[in-house]
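Position 1 is the first residue of the sequence; numbering continues from there. The figures that follow rest on heavy atoms only: side chains count, while hydrogens, waters and symmetry mates do not.
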Amino acid sequence: MDGLKVAPESRQIVVLTLSSAAVIAAGIAYLKWRRPRKGNRQYVSVGHVSKIYVHPVKSCRGQEVGEAEVTKQGLRLEGVMDRHLLIFYKDSFLDARTEPRVVLVSPQCVGDGQVRLEAPGMDPLTLPRPNKQKVYSISMWGVEGDAVDCGPEAAAWLEKFFGKTGYKLVMSTPGSKKRRADQHPKYKDIAKPDHKVGFQHETALLLASDASLGDLNNKLATPVAMRNFRPNIVVAGCEPFQEDDWQYVRIGDAEIRRMLPCDRCLMTTIDPETGMKNGTLEPLKTLRSYRLTEDEKYKAVFGHGPLFGLTCGVEQEGAIHIGDTVYVCT
């Protein structure tokens with residue numbers, strides 16, 4: 001699994017054949033070609049912002065907020081960046097696919113760039129300033145960036161919660177080497193060189209809509225929450241999956257550029273309130289029944305991952321608020 005530079009990475013390496021790589025390149029080139037140029041963009045109103053989530057620690061519970069800053073590297077709240085903190089177990093990064101209980105850890109932004117960890121049965125811990133002398137080179141999905149150790153107090157807190165030793169918490173700090181989206185095969189022909197992130201899955205933002213969730217829930221025996229999909233920005237007022245066609249999104253002064261639809265994985269099957277996996281693989285199973293790409297050009301890009309929401313880069317920074325009008329260009 002990808003992780004610290006010294007760790008073996010064989011479990012996360014994806015070997016692409018020349019033919020599949022060519023298919024991916026062709027599909028991505030088409031997506032890039034069809035984008036409207038800046039001078040030709042015509043925006044229309046499609047709804048408003050209904051929810052904003054900031055996830056200070058990757059794979060942990062997101063904090064629902066009333067406003068946030070959109071930056072090139074993701075959302076920022078009270079000096080804390082989205083998904084710029086990362087948990088390691090031994091030499092591999094941790095997510096809910098390998099440790100579902102991580103979704104019960106609830107990081108809170110408490111001002112002045114500080115984060116407080118909360119979890120059931122645990123005393124809260126306000127994280128100390130990270131030790132900038134201890135720098136790690138982190139590899140995730142083949143894209144590298146730097147992080148610093150958050151210290152033994154944070155490690156001990158995590159070890160107590162998970163009930164075993166070997167944990168550490170690291171942070172992608174301001175000024176450190178960030179992970180470049182254009183170094184990932186899926187985004188190399190779409191992302192720009194300044195699209196750099198902490199520990200997000202290659203892009204600064206994830207956007208979804210209430211209508212798409214409602215459409216999915218109408219097909220499920222037991223509805224799921226938007227938290228299953230871990231977006232940053234949720235739009236209300238549009239039609240189900242209307243976001244599939246959005247190329248640019250404008251909210252206040254912020255302008256967001258669509259990268260690719262978001263293909264979904266087992267993370268969506270973890271109940272965000274209990275940390276338990278769904279035994280029938282819902283909602284992923286139902287999503288796969290009607291949200292797989294039908295375009296041959298993109299099957300190599302998305303595989304068997306059903307599509308829900310958009311991964312996005314940031315063209316123009318700015319503040320966003322609940323209730324802001326959402327304008328889009330298709």
Working for side chain to side chain contact (heavy atoms under 4.5 Å, CB included), residues R83 and R230: CA-CA 11 Å; R83 294 174 171 96; R230 306 180 62 77; 3.6 Å; yes
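- Dense packing is recorded around CD of E64, with more than 12 heavy atoms of other residues, nucleotides or ligands lying under 6.0 Å away.
- A single hydrophobic cluster is not seen to contain both V115 and M81; linkage of ILVMFWY side chains at heavy-atom distances under 4.5 Å, directly or through other members, places them apart.
- Shown here is E317, whose CD atom has more than 12 heavy atoms of other residues, nucleotides or ligands within 6.0 Å.
- Annotation: K160, atom NZ; neighbour count of heavy atoms from other residues, nucleotides and ligands within 6.0 Å does not exceed 12.
- A donor atom on one side chain and an acceptor atom on the other are found under 3.5 Å apart for E243 and S212.
- Side-chain contact check for L260 versus L310: every heavy-atom pair is 4.5 Å or farther apart.
- Atom CG of L117 is separated from atom CE of M122 by 8.5 Å, given to the nearest 0.5 angstrom.
- Using a distance-only test at 3.5 Å, with no hydrogens or angles considered, no donor-acceptor pair links the side chain of Q42 to the main chain of C329.
- Between E67 and I322 there is no side-chain heavy-atom pair separated by less than 4.5 Å.
- In this structure, the ring of F88 has its center no less than 6.0 angstrom from the ring center of Y167.
- A cation-pi arrangement, defined by a distance under 6.0 Å to the six-membered ring centre and an angle within 45 degrees of its axis, is present between R101 and F161.
- Using a 4.0 Å cut-off between charged side-chain N and carboxylate O, D263 and K186 make a salt bridge.
- For the 3.5 Å distance criterion, the side chains of Q114 and T126 fail to qualify, holding no donor opposite an acceptor.
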Stepwise side chain to side chain contact (heavy atoms under 4.5 Å, CB included) check, L86 with V57: CA-CA 6 Å; L86 179 69; V57 184; over 6 Å; no
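- Under a hydrophobic clustering in which Ile, Leu, Val, Met, Phe, Trp and Tyr are joined whenever their side-chain heavy atoms come within less than 4.5 Å, directly or via other members, V49 and Y327 fall into different clusters.
- Side-chain contact check for D182 and Y187: no donor-acceptor pair (N or O, by modelled atom type) lies under 3.5 Å.
- A donor atom on one side chain and an acceptor atom on the other are found under 3.5 Å apart for K178 and S172.
- Aromatic ring centres of W141 and H201 lie closer together than 6.0 Å.
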Candidate pair K219 and Y290, rule side chain to side chain contact (heavy atoms under 4.5 Å, CB included), full reasoning: CA-CA 10 Å; K219 297 173 171 61; Y290 78 114; 3.6 Å; yes
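- If you take CG on L205 and CE on M259, they are separated by 9.5 Å, rounding to the nearest 0.5 Å.
- Side chains of Y43 and R250: a donor-acceptor N/O pair is absent below 3.5 angstrom, by distance only.
- Within the cation-pi definition used here (under 6.0 Å to the ring centroid, within 45° of the axis), K164 qualifies as a partner of Y89.
- Of the possible donor and acceptor atoms, none in the side chain of R291 sits under 3.5 Å from a partner among the backbone N and O of L216.
- Under 4.0 Å is where a charged nitrogen must lie from a carboxylate oxygen, and between R257 and E255 no such pair does.
- Electrostatic pairing of D295 and K299 does not count as a salt bridge here, judged by no charged N lying under 4.0 Å from a carboxylate O.
- Taking the ring centroids of F241 and W246, they lie at or beyond the 6.0 Å cut-off.
- In this structure the side chain of F229 reaches within 4.5 angstrom of the side chain of L213, judged on heavy atoms.
- Contact between A254 and I320 at its shortest, heavy atoms only, is CB-CG2, 4.2 Å.
- For the pair W157 (side chain) and D123 (backbone), a donor-acceptor distance under 3.5 Å is present.
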When you look at I233 and I251, which way does the side chain to side chain contact (heavy atoms under 4.5 Å, CB included) test go after all the steps? CA-CA 10 Å; I233 301 170; I251 305 170; 4.1 Å; yes
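- Contact record, V105 with C60: O-CB, 3.3 Å, taken as the closest heavy-atom pair.
- Heavy-atom contacts from other residues, nucleotides or ligands closer than 6.0 Å to NE2 of H321 number more than 12.
- Annotation for L287 and L307: closest pair CD2-O, 4.4 Å, computed over non-hydrogen atoms.
- Ionic pairing of K196 and E202 is not present here: no N-O contact between side-chain nitrogen and carboxylate oxygen is shorter than 4.0 angstrom.
- H195 places no side-chain N or O within 3.5 Å of a backbone atom of P193 that could act as its donor or acceptor partner.
- No side-chain donor-acceptor contact under 3.5 Å links D271 and N278.
- Ion pairing between a basic and an acidic side chain is recognised when a charged N comes within 4.0 Å of a carboxylate O; R61 and E273 show such pairing.
- A donor-acceptor pair is defined here as one N or O able to donate and one able to accept, closer than 3.5 Å; such a pair exists between the side chain of Q200 and the backbone of Q73.
- In this structure, D194 places its CG atom where more than 12 heavy-atom neighbours from other residues, nucleotides or ligands lie under 6.0 Å away.
- Counting all heavy atoms, side chain and backbone alike, N228 lies closest to T268 at ND2-O, 2.9 Å.
- The distance from the CD1 atom of I138 to the CD atom of E144 is 9.5 Å, given to the nearest 0.5 Å.
- No donor-acceptor distance shorter than 3.5 angstrom exists from the side chain of K188 to the backbone of Q183, with no hydrogens or angles considered.
- Hydrophobic cluster membership differs between V110 and L125, with clusters built from Ile, Leu, Val, Met, Phe, Trp and Tyr side chains linked at under 4.5 angstrom.
- Interatomic distance, CD of E159 versus OG1 of T165, reported as 5.5 Å (0.5 Å rounding).
- You'll find the side chain of Q63 reaches within 4.5 Å of the side chain of C109, heavy atoms only.
- Annotation: side chain of F308 is not in contact with side chain of D244 (no heavy-atom distance under 4.5 Å).
- Listed for the N232 side chain is a donor-acceptor partner under 3.5 Å among the backbone atoms of L206.
- Under the 4.5 Å side-chain heavy-atom criterion for Ile, Leu, Val, Met, Phe, Trp and Tyr, V197 and L77 are members of distinct hydrophobic clusters.
- The shortest heavy-atom contact between Y53 and V234 is CE1-CG2, 4.1 Å.
- Atom CD of E153 and atom CG of L169 lie 11.5 Å apart (nearest 0.5 Å).
- The line from NZ of K277 to CG of L266 is 6.5 Å long, rounded to the nearest 0.5 Å.
- In this structure, R97 pairs ionically with D95, as a charged nitrogen and a carboxylate oxygen lie closer than 4.0 Å.
- The hydrophobic clustering, which links ILVMFWY residues whose side-chain heavy atoms are closer than 4.5 Å, places V65 and I256 together.
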D245 vs R258, test: salt bridge (charged side-chain N to carboxylate O under 4.0 Å, His left out). Steps then yes/no. CA-CA 9 Å; D245 297 323; R258 162 220 178 99; over 6 Å; no
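- Looking at R288, its side chain does come within 3.5 Å of a backbone N or O of H304 through a donor-acceptor pair.
- At least one side-chain heavy atom of V70 sits less than 4.5 Å from a side-chain heavy atom of L75.
- Shown here for V249 and V328, the closest heavy-atom pair between the two residues is CG2-CG1, 4.2 Å.
- Under the 4.5 Å side-chain criterion, counting only non-hydrogen atoms from C-beta, V148 is not in contact with Y136.
- No side-chain heavy atom of S59 sits under 4.5 Å from any side-chain heavy atom of I87.
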